[in-house]
Amino acid sequence: MLVFFLRFQEVVDLEERYNAQRIELKWQRYWAEKGIYKTDLDPSKKKFYCLEMFPYPSGEIHMGHVRNYAIGDVIARYKRMRGYNVLHPMGWDAFGLPAENAAIKHAVHPSEWTYKNIDYMKKQLNRIGLSYDWEREVTTCNPEYYKWNQWFFLKMLEKGLAYRKYSYVNWCPSCATVLANEQVIDEKCWRCDSIVIQKKLEQWFFKITHYAEELLQGCNELMGWPERVVLMQKNWIGKGEGVEVYFPIVGMDGQLKIFTTRPDTLFGVTFMCIAPGHPMSEKLIKDIDKLETIKAKYGREDEKIGLFTGYYAVNPLNGNKVPVYIANFVLMEYGTGAIMSVPAHDQRDFEFAKKYDLPVKVVIVPEHDSRGCPPTHPSPSRGEGKGGGEALDAQLTEAYEDEGILVDSGQFTGLRSDIARQHIIKFIEEKGLGKAVVNFKLRDWGISRQRYWGTPIPIIYCDRCGIVPVPEKDLPVILPEDVKITGKGGSPLLESEEFLKVQCPKCGDNARRETDTMDTFVDSSWYFIRYCFRKGDIDLNSELRTPDSEVDYWMPIDQYIGGVEHAVLHLLYSRFFTKVIRDLGLLNAGEPFQNLLTQGMVIKDGAKMSKSKGNVVDPNYLIEEYGADTSRLFSLFAAPPEKDLEWSDKGVEGVYRFLNRIWGIVYKNKFKIQNSKFKINKAFSLQSSALGLYRKTHQTIKRVTTDIERQYHFNTAIAGLMELMNEITSFDPKSNEDWAIFKFAIEKLLILLCPFSPHIAEELWEGIGNEPSILEQKWPDWDEEAAKEEKIELVIQINGKLRSKIMISPGVPDDEIKKMALNDQKIKEIVGAKVIKKVIVVRGKLVNIVIGE
RNA sequence: GCCGGAGUGGCGGAAUUGGUAGACGCAAGGGACUUAAAAUCCCUCGUUCCAAAAGAGCGUGCCGGUUCAAAUCCGGCCUCCGGCACCA
């Protein structure tokens, strides 16, 4: 009796009430002790690298994180149950400005602040029950990590992919640092919203433009990415194919080099414009003050201003002399910094021409005018500048920017734009008047930041030797701890004598270190490679000589999950780094992310959750109140992952109720389930209700599996679980067979629930007498035969309108179905004496009877 | 302005290739249990006509088209969201 009692106690320790706190902590401890999420290289298994964007350790996890990581965790757990060797790591994007702000505000060192946050947030992540292999944890502010940032920098320097130049840079006065183009949003700082100004500084750059073409071509391989993200990348890279044309300047040596994508409009040039920062501008303009007024409004979109230089350029195609202007809207950074202006066919030039009363000359007319007639071709005999276009010139109220037929264009007159372009480019190249070129909007990536809390750039400045890279053996260049962070004037590193003073590695003389640190996007551009190694020191140098290393086992990432806000920034930089790393010989893959899932925002009261709007939901509160399983389940159920998720307190209660119902029914029937030893085989005669549940279980396995496989539609998968639960609730088992079916349904429900809400699944799995862990269960297969309905509902339509429904067995032949439909009592009444024109039978679905009046 | 995406009940959302529109959940209404409430369980729940039921009509942003059949395909609009924006 005693023996029985002990056994009894051991197996059945389910409490009557679902206590999320208790069981979640219990299983989290169990998983940690067992090291169940540790991953090792295993060439016998198919690998799956599942990665969520790592967080900035701001202090606490918010709902956006919960959603992001819940999505990733379901995928990782699902793939693990499907037998994949899953790599699912987590880390910290730990460098960045908030740590410095905290240092100023609270007089705490950025390092201390950051590590404290990491500590706390790690506890929070574990409390959510996420299946990370923490042995691979990456913390980017750790010298063991950023040493390799510096190593990459040196390698890129060697290959000419890192360089230093003076340039106008985006400067955020509030952050007192430089920003990359991608980090400027609506002329404001991406981080603090201050208006960004232009400042001339000497900076370090990564030559991302070297890979512009490959990054663009690679876009076509990103089959597993959302189309819009690929498109955003393509637009950002912005390839423009065109031609450079040289315009001689009258009374001066040298030529004005312009870039255009519309050489078909070359005969319509009536003036030229150059950027105020163009090297030519100071030669052409003697009045420096006037030039400065243009410079002051450089790049401003509200008005176009220009200044006539007094010089004329010669159109190499027709010999026309046209005036040369300095104009604020011409960008130095794109093309050659100089343009030919064709006001008739470019809206910007048109506006400028109207303002400064410059001539407009039409050289393209629509292929068919508004009445659909072909255009009247001007006779070439009428001569240059007096062609048929002239009458149109005065009428124009805006530029005609479309393609069409060339008029007034010398030997090219009468050709279509696209044909004319080819001919003109060929002509220009043959005569040496210019050449075909490709331009990209993508600029090189400026990585210097005048901040403290970042990776020191491993460079030394020596008066004698100039710019000297820190020798590899001296890496890492450690960020000094004893600095004062005031937030005022320049980098705090300038104040650290100890850091600043160094001996030149070449000549041994006194020299000084670079005080700028790297943009933190450098850190996140390769962290996914670092995860491929187990914890501890890594040596990428030795990896260079290891073909088919761990990196090649794991890379590329099979599924990457994060917010769309990184569509260009982080994702583009990471693609660039991956190509650099590949070319260093460290990696075979050329693209880092096979599949990308961009999850939507978490919304409350119609707006993104933010402290300033006061609409944040604290995950801590949620977990205390309902537990991690409910929190996870809600964020997966309320919307498909790629869509925004509208927060709903009531919705949370809904899924909590669902888990409670599962708990309740398992608790109530635990002995019956435990004691059910009956084996299900197809032969035994089931009551129809038991058969119904058996069928529903197989249907649910199928549904949940396909919903997960099909674009991770967790919301409908969970709806499927709820349906199965509803069916279990209404099933009333009586016989041994019934209980076997009941047990079968419950066990499958728990296994299917496990990736979504793992704690409750574990507890109930154990509670019905199974060995932990449910995580080690195989994902179930469904039996297509068992999932099939024995009767299906056949819809009968008349003229496309639903008129009747009958139950039929599947597999009834079409003409039989047709007969049954026509014999249906209701159908007979409606059809009456009317003529049946046609009957369409859709197998297993419906019959549509088309009748006349 | 250009390029994307989306418009479905009171709400979040479902409908895999054109084939029963509204799965699942929330809210609401009614009922059971209870001295009562909470919790739980059961029923109803797009809309109009009808006292109600039966039944019929209408209904996936708007207008038109293709088709036996359209939330789904095509054309034209409207609205909202996102990205880019003097890139020559």
Side-chain angles (χ1 to χ4, degrees), chain A residues 17 185-186 226-236 238-240 242 258-262 265 273 275 299-304 327-331 333-342 345-349 351-352 401 439-443 564-565 567-568 600-601 603 634 637-640 642-655 657-658 660-661 664 703 706-707 709-711 713 715-723 725-726 729-730 793-805 826 837-851:
Chain A
R17 240 180 62 88
I185 294 149
D186 287 336
E227 227 172 309
R228 62 194 184 116
V229 176
V230 177
L231 217 88
M232 278 160 77
Q233 293 233 341
K234 280 184 178 169
N235 289 340
W236 191 266
K239 186 175 180 175
I258 62 97
F259 172 74
T260 181
T261 55
R262 289 294 300 271
T265 64
C273 287
R300 284 269 292 275
E301 294 196 22
D302 46 352
E303 66 172 326
K304 290 183 176 55
N328 71 327
F329 72 92
V330 178
L331 304 174
E333 294 81 13
Y334 184 76
T336 59
I339 60 165
M340 63 178 206
S341 293
V342 188
H345 305 294
D346 184 289
Q347 188 58 25
R348 296 156 301 181
D349 296 344
E351 285 164 24
F352 193 86
E401 295 187 328
N439 266 301
F440 292 94
K441 288 184 199 175
L442 183 70
R443 313 278 157 76
V564 231
E565 63 272 23
V568 247
M601 291 184 297
I603 302 284
F634 172 74
F637 176 63
E642 70 280 1
K643 278 186 69 171
D644 285 351
L645 181 146
E646 175 75 36
W647 185 259
S648 156
D649 293 332
K650 295 290 184 183
V652 176
E653 281 179 30
V655 292
R657 221 161 10 223
F658 168 61
N660 268 292
R661 286 177 63 211
R703 171 155 188 206
T706 51
D707 281 352
E709 293 286 344
R710 178 173 62 95
Q711 294 302 301
H713 278 192
N715 55 329
T716 51
I718 294 165
L721 294 177
M722 289 172 167
E723 280 185 42
M725 183 57 207
N726 291 341
T729 309
S730 55
E793 198 179 43
L794 183 78
V795 167
I796 307 171
Q797 296 181 333
I798 289 177
N799 290 347
K801 286 190 175 169
L802 179 86
R803 282 295 117 103
S804 183
K805 291 175 182 176
K826 236 187 118 198
K837 288 185 179 166
K838 204 171 175 185
V839 179
I840 292 129
V841 179
V842 182
R843 181 76 60 87
K845 289 248 166 85
L846 58 73
V847 175
N848 189 16
I849 301 162
V850 187
I851 59 171

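Numbered from 1 within each chain, the chains take letters A, B, ... in sequence-line order. Everything numeric here is computed off the predicted structure, so don't read it as measured data.
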Within the 4.0 Å heavy-atom criterion, would you say A:Asp644 contacts the bases, only the backbone, or no part of the nucleic acid? sugar-phosphate

If you only use heavy atoms from C-beta on, which nucleotide in B:rU40, B:rA15, B:rA85 is closest to the side chain of A:Thr716? B:rA15

If only atom types and distance count, is the side chain of A:Arg262 paired as donor or acceptor with the main-chain N or O of A:Glu401 below 3.5 Å? yes

Considering only the P atoms, how many Å lie between B:rA23 and B:rC11, rounded to the nearest integer? 15 Å

Residue matched to B:rG75 through Watson-Crick or wobble contacts both under 3.5 angstrom: B:rC63

Touch check for A:Val842, heavy atoms < 4.0 angstrom, all strands: base, sugar-phosphate only, or nothing? base

When we call it a touch if two heavy atoms are under 4.0 Å apart, what does A:Gln347 touch: a base, just sugar-phosphate, or nothing? nothing

Where the side chain of A:Leu846 is concerned, which of B:rC24, B:rG19, B:rC41 is the nearest nucleotide? B:rG19

Compare the minimum distances between each of B:rU16, B:rG12, B:rA88 and the side chain of A:Phe637, then state the nucleotide with the smallest one. B:rG12

Nearest-neighbour nucleotide for the A:Met232 side chain, B:rA88, B:rG13, B:rG83 considered: B:rG83

Please give the distance between the P atoms of B:rU72 and B:rG19 as a whole number of Å. 11 Å

Look at all strands and tell whether A:Gly238 reaches a base, only sugar-phosphate, or nothing, counting heavy atoms closer than 4.0 Å. nothing

Searching all strands shown, indicate the nucleotide that pairs with B:rG4 (Watson-Crick or G-U wobble; both distances under 3.5 Å). B:rC81

Checking all strands, does A:Leu331 fall into the base, sugar-phosphate, or nothing category for heavy-atom contacts under 4.0 angstrom? base

For the pair A:Asn848 (side chain) and A:Ile796 (backbone), establish whether a donor and an acceptor sit closer than 3.5 Å, ignoring hydrogens and angles. no

Of the listed nucleotides B:rU20, B:rG25, B:rA88, the one nearest the side chain of A:Glu793: B:rU20

Looking only at the side chain of A:Arg661 (C-beta and beyond, no hydrogens), which of the listed nucleotides B:rC3, B:rA23, B:rG25 gets closest? B:rG25

Considering only heavy side-chain atoms of A:Trp236, the closest of B:rU20, B:rG83, B:rA85 is B:rA85

Is a side-chain N or O of A:Lys441 found less than 3.5 angstrom from the main chain of A:Lys239, in a donor-acceptor match? no

NA contact type, A:Val342, heavy-atom cut-off 4.0 Å: base, sugar-phosphate, or nothing? nothing

side-chain hydrogen bond (donor to acceptor under 3.5 Å, both in side chains) assessment of A:Asn726 paired with A:Arg661: CA-CA 9 Å; A:Asn726 291 341; A:Arg661 286 177 63 211; 3.0 Å; yes

With rounding to whole Å, what would you report as the distance between B:rA38 and B:rA52 at their C1' atoms? 35 Å

For A:Ala638 and A:Lys801, take the nucleotide of RNA chain B holding the closest heavy atom to each; which residue's nucleotide lies nearer the 5' end? A:Ala638

Rounded to the nearest angstrom, tell me the gap between atom CZ in A:Arg228 and atom P in B:rC2. 21 Å

B:rA88, B:rU16, B:rG25: which one has an atom nearest the side-chain heavy atoms of A:Arg710? B:rU16

Which whole-number value in Å describes the distance from A:Lys826 NZ to B:rG55 P? 6 Å

Should A:Asn235 be listed as having a side-chain N or O under 4.0 Å from OP1 or OP2 of B:rA85? no

OP1 or OP2 of B:rG10 under 4.0 Å from side-chain N/O of A:Lys650: no

How is A:Arg803 classified with respect to the nucleic acid when contacts are heavy atoms under 4.0 Å: base, sugar-phosphate, or nothing? sugar-phosphate

Describe the nucleic acid contact of A:Ser648 in one word from base, sugar-phosphate, nothing, applying a heavy-atom distance below 4.0 Å. nothing

Mind checking if A:Asn848 touches a base, just sugar-phosphate, or nothing, with heavy atoms under 4.0 Å? base

Touch class at under 4.0 angstrom, heavy-atom based, for A:Lys441 against every strand present: base

A:Gln711 near the nucleic acid: base, sugar-phosphate alone, or nothing, with a heavy-atom cut-off under 4.0 Å? nothing

Taking only the side-chain nitrogens and oxygens of A:Lys805, find out if one of them lies under 4.0 Å from OP1 or OP2 of B:rU20. no

Between atom NZ in A:Lys643 and atom C1' in B:rC81, what is the gap in whole Å? 11 Å

